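The structure appears right after this line, and notes come after that.
Since we're looking at a predicted model, the values are computed, not measured. Below, chains carry the letters A, B, ... as their sequence lines are ordered, and counting in each starts from 1.
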Protein chains: 2
Amino acid sequence: MYDANALRRFKADIFQALAHPTRIAMVELLRNGEFSAGKLIELLKLEQANASQHLSVLRSKQVVVGRKEGNQVFYSLRDPALIEVLDSLRRYFQRHIAGVRATLKKISKLEARER
Amino acid sequence: MYDANALRRFKADIFQALAHPTRIAMVELLRNGEFSAGKLIELLKLEQANASQHLSVLRSKQVVVGRKEGNQVFYSLRDPALIEVLDSLRRYFQRHIAGVRATLKKISKLEARER
DNA sequence: TGTATATATTCTATATTTCGAATACTCTTA
DNA sequence: TAAGAGTATTCGAAATATAGAATATATACA
């Protein structure tokens with residue numbers, strides 16, 4: 001039997017990989033199939049270096065794989081089963097939607113004030 | 001329609017809450033019902049302050065709620081739907097179990113060497 | 001070969017997370 | 001009220017994460 005702690009570190013790593021809005025956005029896009037790094041950058045309006053760093057995190061945590069084709073690198077989810085994880089989180093959110101909405105509203109107001 | 005970015009920040013926050021082995025361990029224990037802070041500390045062999053800080057993270061991200069009873073605080077999952085998220089991650093891991101095992105083995109060896 | 005394009009890496013500054021030690025708070029009970 | 005138990009918070013140090021600028025690498029193509 002393997003160390004339960006090591007297993008938890010693995011789980012924590014996966015969560016960590018997803019613990020950034022940009023990386024969530026990337027993974028959500030990749031649900032629909034593969035995208036080149038450049039396309040991800042364009043769609044998400046990111047700095048090239050920043051995007052590359054986030055992709056590097058996703059790669060190192062084995063969340064995505066890159067397929068090199070000529071000049072470009074096409075990324076896709078390493079295992080679509082990850083989508084299930086995201087979907088269950090989505091359901092979790094839907095159950096909390098009232099609370100989430102209230103908080104989103106608060107945030108919008110705060111952000112409006114900051115402008 | 002609310003800001004997709006704000007929603008992603010929320011999701012990222014939940015993942016962040018779970019992005020630490022100790023917090024994963026706590027949540028996994030709480031699957032089985034509520035535990036006092038002291039019991040969690042005992043079962044997970046944690047420093048009191050450290051445990052309290054991790055619980056504070058889980059509280060602030062709305063993952064757990066504390067119920068005060070006399071001297072102690074009993075924690076439980078705020079919404080058992082979170083279990084579904086953990087379960088789907090578990091399935092994800094099972095699918096990758098071969099790769100995970102190999103990596104765990106590597107880690108065990110490294111750790112053995114470090115001792 | 002030289003140049004342009006796509007992507008990755010390195011560097012630096014800053015912010016955030018984590019830990020343990022110390023301290024504070026809040027009940028209970030003597 | 002004082003003492004003790006259970007928790008939480010604060011503080012300082014170390015580690016890690018993030019962003020943007022600069023640089024490097026790899027491939028295509030003139």
Can you tell me if the side-chain N/O atoms of A:Gln72 get under 4.0 Å from OP1 or OP2 in C:dT5?
-> no

Phosphate contact (D:dG6 OP1 or OP2) by B:Tyr75 side-chain N/O below 4.0 Å = no

Just by distance, with hydrogens left out, do B:Arg67 and B:Tyr75 show a side-chain donor and acceptor under 3.5 Å apart?
-> no

Answer yes or no: side-chain N or O of B:Asn71 and base N or O of C:dT28 forming a donor-acceptor pair under 3.5 Å.
-> no

At under 4.0 Å, does any side-chain N or O of B:His20 touch on OP1 or OP2 of C:dC19?
-> yes

hbond_proxy B:Glu47 side chain to C:dA21 base (donor-acceptor, 3.5 Å cutoff) | no

Taking the side chain as C-beta and beyond, is there a heavy-atom pair between A:Phe15 and B:Leu86 under 4.5 Å?
-> yes

Taking only Lys NZ, Arg NE, NH1 and NH2, and the carboxylate oxygens of Asp or Glu, determine whether B:Arg23 and B:Glu28 approach each other closer than 4.0 Å.
-> no

Answer with yes or no whether B:Gln53 presents, from its side chain, a donor or acceptor under 3.5 Å of a partner atom in the base of D:dA8.
-> no

Atom CG of B:Asp13 to atom P of C:dT16: distance rounded to whole Å?
-> 12 Å

Of all the choices, D:dG20, D:dA26, C:dC19, which nucleotide is nearest to the side chain of A:Asn50 once you look at every atom?
-> D:dG20

Nucleic acid contacts of residues 23-45 of chain B, taken as heavy-atom distances under 4.0 Å to DNA chain D | B:Ser36, B:Ala37, B:Gly38

Would one find a side-chain N or O of A:His54 under 4.0 angstrom from OP1 or OP2 of D:dA19?
-> yes

The single option from A:Val63, A:Leu46, A:Leu43 passing side chain to side chain contact (heavy atoms under 4.5 Å, CB included) against A:Met26 = A:Leu46

